[in-house]
Amino acid sequence: MQTIDSTILNDVISLKTTKGIEFINPAEIVYFGIKNRDVKVFLIDGNTGITLHSLKELETLLERFPFYRCHARYLINMGYPIISRK
């Protein structure tokens, strides 16, 4: 039986989505936002998905990562670098 390195698991969370359970590195998440009662996850690579978690549940799940509830509808990754474009 192969053992799993715990340092890898420390950098991954499991999210219930409409596609099933997905394992995502929080560093790849830009933000979560609510639209029409759906909580959408927006990833660095431009992909999006719908989670079956509330933002309150996500806040608890991500409390050890640099996420911030900046608005009633948004939970943002403060570790995501913002690049200004001119």
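Sequence positions, counted from 1, serve as the residue numbers for this chain.
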What closest approach, in Å, do I24 and L43 show between heavy atoms, and which atom pair accounts for it?
CG2-CD2, 4.3 Å
Would you name the heavy atoms of F23 and S14 that are closest together and state the gap between them?
CE2-CB, 3.6 Å
Can you tell me how far OG1 of T48 sits from OH of Y31, rounded to the nearest 0.5 angstrom?
9.0 Å
D38 and N36 side chains, donor-acceptor separation under 3.5 Å
no
Report the distance from atom CG of L62 to atom CZ of F32, rounding to the nearest 0.5 Å.
5.5 Å
Short side-chain to backbone donor-acceptor contact, E57 and S54, under 3.5 Å:
yes
Between L52 and T17 the two heavy atoms that sit nearest each other are CD1-O, 3.5 Å
Is I44 reachable from Y74 through a run of hydrophobic residues whose side-chain heavy atoms are each under 4.5 Å from the next?
yes
Hydrophobic cluster membership, with links at side-chain heavy-atom distances under 4.5 Å among I/L/V/M/F/W/Y: are I50 and L15 in one?
no
Rounded distance (nearest 0.5 Å) linking atom CG of N77 with atom CZ of F65
10.0 Å
Please say yes or no: joined through hydrophobic side-chain contacts below 4.5 Å, possibly via intermediate residues, are V12 and I21 part of one cluster?
yes
Nearest 0.5 Å, what's the CD-OG1 distance between E63 and T60?
6.0 Å
Taking all atoms of both residues into account, what is the closest heavy-atom pair of A72 and I34, and its distance?
O-CD1, 4.1 Å
Please round to the nearest 0.5 Å and tell me the distance separating atom NZ of K40 and atom OG1 of T51.
11.0 Å
By salt bridge (Lys or Arg N to Asp or Glu O under 4.0 Å), which residues pair with R69, not counting sequence neighbours?
E59
Of all residues at least two apart in sequence or in a different chain, which pass the ring pair (Phe, Tyr, Trp, His ring centres under 6.0 Å) check with F67?
none
